[in-house]
Amino acid sequence: MNLFSLLVLSVFALFHYVGYRFWLSYWVQNQNMRRLFIFLLIINYIANVAYFFARYEIEVPLWLYHLLSLSIGMSFIVMLSSVATIVLRYLLLIPFSRNRRKSVKKMAALGGSVFMVGYSSAAIYEGHLFPQVESVQLTIKNLKQPLKAVQLSDLHIGGLIGESYVRQLVESVNRLQADIIFLTGDMTDSPIHQIATSVALLGDMQSRLGIYYVLGNHEFFHGVSDALGAMQSAGIRSLLNDCAVVDGLINVVGVSDLFGAKLGMPPDLDKALEGVDSSLPTILLAHQPRFVKEFVAQQNAPIDLVLSGHTHGGQIAPFSILVRMQQGFLKGLYSVNERTQLYVNRGTGFWGPPMRLMSRAEITLLELKPS
């Protein structure tokens, strides 16, 4: 099990403790019922551990994997229900006398439970919706003709995202009749030998000017060379600190993900820009949007548009707050400076549980027009 998994499981252990200490202990007064809920929390955490083994170490039946993935979502929801209970508890305690506070605490815990049911139902519903097409119109300086581009990101092929999902996605993309397609990382999230057929289907996407791909952080968890090889076999051009001048119309520049710096494959923007045609507009593919703040903005790089993903738009609100704090950007279109624009895709798949809230999965349709 990798370091990422161990860190996440440590956080989830904290979630379960907080859930018992600040939510269930107020809501459940009967000792036998309390023992039952403690047992359920333990089972859910065991399922968390099993999920990571099923995701990265062993193969399990799909129905079991689905159940294990939902335990990840339940861990988030237990934490949020605890926060809701704490907030309600202190808000409700203000107008009540001390001798009534015990019943008020129960009311707060019950409110947290109602929140949990509604929140989890909404998140599961939105998480199972197919990605919507998000149309974005942009003007690009020095662009010779209008271009229709499609961006996919964070598909996370593996686990619950397999051949049927990818095939449906390919059909949806082909209906858009894109001139060019961009894949901005985390397209795979399992060993390639387990998902080779699904990855190969990506090569069935049709575009006049080709498909361009950059690594995300999750490709590093399962073998970068295998991921790059699978994309090449599918006819997809990988840009690893490299540039492609496409049909005399645009420069497409791609950098390795920031996570690659830990494994000897750091992003190198200077190297990637070496081959650009300065008379053409430049589009940069960089998986994590914070790359813009750390490199593009600081160096005042000659880039017109940056396409990123990674954030999943927060995937499950209100974790979007933490994502924005860590990345500096969350979802949608941003103006970085007078020249450079940034678009952050909310993700075309999901990581962990098939749950989303206020951040539906998307296929981005970018309509690029000359300024």
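Residue numbers run from 1 in the order of the sequence given.
Cluster membership check: Val344 does not share its hydrophobic cluster with Met325, using side-chain heavy-atom separations under 4.5 Å among Ile, Leu, Val, Met, Phe, Trp and Tyr. Hydrophobic clustering, with ILVMFWY side chains joined whenever heavy atoms are under 4.5 angstrom apart, groups Trp63 together with Tyr165.
Judged purely by atom type and a 3.5 angstrom limit, Thr311 has no side-chain atom pairing as donor or acceptor with the backbone of Gly314. Although no hydrogens or angles enter the test, the distance criterion places no donor-acceptor pair under 3.5 Å between the side chain of Thr188 and the main chain of Ser190. Not one N or O on the side chain of Gln137 forms a donor-acceptor pair closer than 3.5 Å with the backbone of Glu367. A donor-acceptor contact shorter than 3.5 Å links the side chain of Ser10 to the backbone of Leu6. Side-chain atoms of Ser308 come within 3.5 Å of backbone N or O of Ala286 as a donor-acceptor pair.
Annotation: the span from Ile181 atom CD1 to Gln206 atom CD amounts to 8.5 Å, rounded to 0.5 Å. Atom-to-atom distance recorded for Ser359:OG and Leu357:CG is 9.0 Å, nearest 0.5 angstrom. One distance of note links OG of Ser75 with NE2 of His16; it measures 3.5 Å at 0.5 Å rounding. Distance check, rounded to the nearest 0.5 Å: CE of Met231 to CG of Leu202 gives 5.5 Å. Expressed to the nearest 0.5 Å, how far CZ of Arg356 lies from CG of Leu129 amounts to 10.5 Å. Distance check: Ile303 CD1 to Gln341 CD gives 13.0 Å after rounding to the nearest 0.5 Å.
Tested against Leu152, the residues Thr184, Ile211, Asn345, Thr348 include a single side chain to side chain contact (heavy atoms under 4.5 Å, CB included) partner, Thr348.
Within 6.0 Å of CZ on Phe130 lie more than 12 heavy atoms contributed by other residues, nucleotides or ligands.
Partners of Phe291 by ring pair (Phe, Tyr, Trp, His ring centres under 6.0 Å), not counting sequence neighbours, listed by chain and number: Phe295. With sequence neighbours left out, the ring pair (Phe, Tyr, Trp, His ring centres under 6.0 Å) criterion links Tyr51 to Tyr65. Residues satisfying the salt bridge (Lys or Arg N to Asp or Glu O under 4.0 Å) test with Arg346, not counting sequence neighbours, are Glu134, Glu362.
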Donor-acceptor pairs are to be reported for all side-chain atoms of residues 269-279 against protein atoms at under 3.5 Å, with residues two or more places apart or in another chain.
residue, atom, partner, partner atom, Å
Asp277, OD1, Ser279, N, 3.0
Asp277, OD1, Ser279, OG, 2.7

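For the pair Asp304 and Arg339, the salt-bridge criterion is met [side-chain N within less than 4.0 Å of a carboxylate O]. Salt bridge annotation for Arg167-Asp204: absent, with no cationic side-chain nitrogen under 4.0 angstrom from a carboxylate oxygen. Comment: Asp179 engages Arg208 in a salt bridge, judged by a side-chain N to carboxylate O separation of less than 4.0 angstrom.
With hydrogens and angles left out, the side-chain atoms of His287 and Asp186 include a donor and acceptor closer than 3.5 Å. Counting only N and O atoms by type, the side chains of Gln288 and Asp257 include a donor and acceptor under 3.5 Å apart. Side-chain contact check for Ser71 and Asn48: at least one donor-acceptor pair (N or O, by modelled atom type) lies under 3.5 Å.
For residues 246-255, the pairs satisfying side-chain hydrogen bond (donor to acceptor under 3.5 Å, both in side chains) are Asn251-Thr282, with sequence neighbours left out.
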Evaluation steps, ring pair (Phe, Tyr, Trp, His ring centres under 6.0 Å), between Phe221 and Phe259: CA-CA 10 Å; Phe221 301 157; Phe259 187 84; 5.4 Å; yes

Ile195/Glu163 under side chain to side chain contact (heavy atoms under 4.5 Å, CB included): CA gap, chis, key distance, verdict: CA-CA 8 Å; Ile195 57 174; Glu163 290 182 43; over 6 Å; no

For Tyr213 and Glu219, run side chain to side chain donor-acceptor pair (under 3.5 Å): C-alpha distance rounded to whole Å, both residues' side-chain angles, the deciding distance at 0.1 Å, then the answer. CA-CA 12 Å; Tyr213 160 74; Glu219 280 90 347; 2.9 Å; yes

Go through His156 and His222 one step at a time and tell me if the ring pair (Phe, Tyr, Trp, His ring centres under 6.0 Å) criterion holds. CA-CA 12 Å; His156 291 277; His222 307 287; 9.7 Å; no

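Taking a 4.5 Å side-chain heavy-atom cut-off between Ile, Leu, Val, Met, Phe, Trp and Tyr, the cluster of Val252 extends to Val136, Leu138, Ile140, Leu143, Leu147, Ile180, Phe182, Leu209, Tyr212, Val214, Leu239, Val246, Leu249, Ile250, Ile283, Leu285, Leu305, Leu307, Leu333, Tyr343, Leu366, Leu368.
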